[in-house]
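Just below is one structure, and these are the notes that go with it.
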Amino acid sequence: MNWSTRAVALAGAATHRHSRWTPAVAATPRHLFVPRWWERGSDGWELHDGPSDPNRWLDAAYRDTSLVTRVGPLHADYATEADRPHGRPTSSATLPSLVVGMFQHARIDDGDRLLDVGTGSGYGAALAARRLSDEQVTSVDVDLYLTEIARKRVSEAGVAPTLDTIDATGDLPYEPASFDRIVATVSVRTIPESWLRVLRPGGRLVTTIAGTSLLVTAEKDKDGGATGRVEWDRAGFMHARHGDDYPPGAAVRLAKAAELDGDDVTRSPHPVVDVANAWDLASMLDVEAPGIEHEYREDGEQRVALMAHADGSWARATATGNERPTVHQGGPRRLWDALDKVRDYWLSHGELPVRGARVDIMPDGRTFLGRGKWQAELS
């Protein structure tokens, strides 16, 4: 199978010219890490089997795009063509340019020891081991199957980083100051205390904040905490999970939001918006009111936005054309009002203060964002 020409083309698309990561991408057979994958279909997720259609396999594997490999608890490797899962993606092979971008934000030097949080398909760990060395790279994932199959596939790709099955949000079985760099391709709400313990003083960590597109970089201080910033780049990863799947309930809560009448019906001054795809707006809202789930629908000129939270709060905004939306809300909090508050701030200040904000991480992992007069503690 002639994959090398495609890998070289992928390297050209996913890295900058003369980047130290270009040779690693060009020499790594990405198709080995995604022999089967899921794509959204009209009736749930549809399975694609690479070896049965080699051309499609190579086309998919060597595009600069993410490929979903696990939906809910079902990995594509052991699914059947009849399976049509409807859950959330729980693992993927992240698009190579984003993997490389995260490594570049870490400012990895030739002698650095790297902790790669979120093994997933194993492709990112393979790139890092090829760029550095097997001995310098440790990759962890909560999923035993993912680390076992990744170990086999990185070996087939010609590298052998250390792969451990660990919930990286808890304790880590490594000595203090074991790593110079930590890069997470899963998102966390606050920085785990264990990451700070195993990062050397002056070492650098890169991660994203769960529920947002905020990419955080920080360097460890002498006191055991870390100081950094929210980068201007945007990135989104699956939330770090602690078991076989994410907790259920989001779909049920949003379905109820679509039907309930609500005990508070108003008109919003702002238009209906697809919050999940308005990245800065969604990020600011999630910092101010974490844990809100979103859904957006269009039917002709009618637009519907749904919001729901595990505490029982919900909101539904509907509008036709350019009219002001009618907003139904219920539960202990008014979620659409929280969204409008963020939009009012944006209109009055001309920007939202999350991008470029200072990040202060306490030794116990508590994480604070601040820019100008605006400050927030993540929880």
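A donor-acceptor contact under 3.5 angstrom links the side chains of Ser213 and Ser283, judged on distance only. Side-chain polar atoms of Ser139 and Thr119 form a donor-acceptor pair below 3.5 angstrom. Using modelled atom types and a 3.5 Å distance limit, the side chains of Tyr174 and Asp164 yield a donor-acceptor pair. Side-chain atoms of Asp344 and His270 form a donor-acceptor pair, as typed in the model, at a separation below 3.5 Å. Residues His75 and Tyr145 bring no donor and acceptor atom of their side chains to less than 3.5 Å of each other. Side chains of Thr190 and Thr367: a donor-acceptor N/O pair is absent below 3.5 angstrom, by distance only. A donor and an acceptor atom, one from each side chain of Trp374 and Glu288, are located under 3.5 Å apart. Asp286 and Thr212 share no side-chain donor-acceptor pair at under 3.5 Å. Between the side chains of Asp233 and His105, at least one donor-acceptor pair of N or O atoms lies under 3.5 Å. Residues Thr217 and Glu231 have side chains that bring a donor and an acceptor to within less than 3.5 angstrom of each other.
A salt bridge between Glu39 and Arg56 is present, with a side-chain N of the basic residue lying under 4.0 Å from a carboxylate O of the acidic one. The pair Asp180-Arg113 meets the salt-bridge criterion, since a charged nitrogen lies less than 4.0 angstrom from a carboxylate oxygen. In this structure, Arg253 does not pair ionically with Asp311, as no charged nitrogen and carboxylate oxygen lie closer than 4.0 Å. The pair Arg88-Asp245 does not count as a salt bridge, with every side-chain nitrogen at least 4.0 angstrom from each carboxylate oxygen. Here Arg366 does not pair with Glu193 in a salt bridge; the nearest charged N to carboxylate O distance is not below 4.0 Å. Comment: Glu219 engages Arg204 in a salt bridge, judged by a side-chain N to carboxylate O separation of less than 4.0 angstrom.
Between the side chain of Gln136 and the main chain of Asp110, a donor-acceptor pair closer than 3.5 Å is present. Proximity of a side-chain donor or acceptor of Thr15 to a complementary backbone N or O of Ala11 within less than 3.5 Å is detected. Judged by distance alone, with hydrogens and angles left aside, the side-chain atoms of Lys220 form a donor-acceptor pair with the main-chain N or O of Leu196 at under 3.5 Å. A distance-only check finds no donor-acceptor pair linking the side chain of Asp109 to the backbone of Gly111 [under 3.5 Å]. For Arg30 (side chain) and Pro96 (main-chain N/O), no donor-acceptor pair under 3.5 Å exists by modelled atom type. Distance alone, capped at 3.5 Å, places no donor-acceptor pair between the Trp45 side chain and the Asp83 backbone.
Looking at Asp143 and Arg241, their side chains come closer than 4.5 Å, going by heavy atoms from C-beta outward.
Each of Asp264, Asp340, Thr266 was evaluated against Arg334; a single residue qualifies, Asp264, per the side-chain hydrogen bond (donor to acceptor under 3.5 Å, both in side chains) test. A side chain to side chain contact (heavy atoms under 4.5 Å, CB included) with Ser97 holds for exactly one of Leu95, Thr94, Val100; it is Leu95. The side chain to side chain contact (heavy atoms under 4.5 Å, CB included) with Arg343 is formed by just one residue from the set Ser348, Pro269, Ser268; it is Ser268.
Taking hydrophobic clusters as Ile, Leu, Val, Met, Phe, Trp and Tyr residues chained together by side-chain heavy-atom distances below 4.5 Å, Leu378 shares a cluster with Ile361. The hydrophobic cluster containing Val71 also contains Ile149, counting ILVMFWY residues as joined when their side-chain heavy atoms lie under 4.5 angstrom apart, directly or transitively. Placement of Val34 and Met238 in two distinct hydrophobic clusters is found when ILVMFWY residues are connected by side-chain heavy-atom separations under 4.5 Å, directly or transitively.
A distance of 9.0 Å separates CH2 of Trp336 from CG of Leu306, quoted to the nearest 0.5 Å. To the nearest 0.5 Å, the span separating CG on Asp263 from CD on Gln329 amounts to 9.0 Å. A distance of 5.5 Å separates CG in Leu339 from CG in Leu285, rounded to the nearest 0.5 Å. In this structure, the separation between CH2 on Trp195 and CG on Leu205 is 7.5 Å, given to the nearest 0.5 Å. Note that CZ of Arg181 and CE of Met102 are 14.0 Å apart. Values are rounded to the nearest 0.5 Å.
Under the rule for a side-chain contact (heavy atoms from CB on, under 4.5 Å), the partners of Ala177 that lie at least two apart in sequence or sit in another chain are Arg200, Pro201. Under the side-chain contact (heavy atoms from CB on, under 4.5 Å) criterion, Val186 pairs with Val117, Ala240, not counting sequence neighbours.
Under the 6.0 Å distance and 45° angle rule, Arg153 does not count as a cation-pi partner of Phe33. Both the sub-6.0 Å distance and the 45° axial angle are not jointly satisfied by Arg234 relative to the ring of Trp279.
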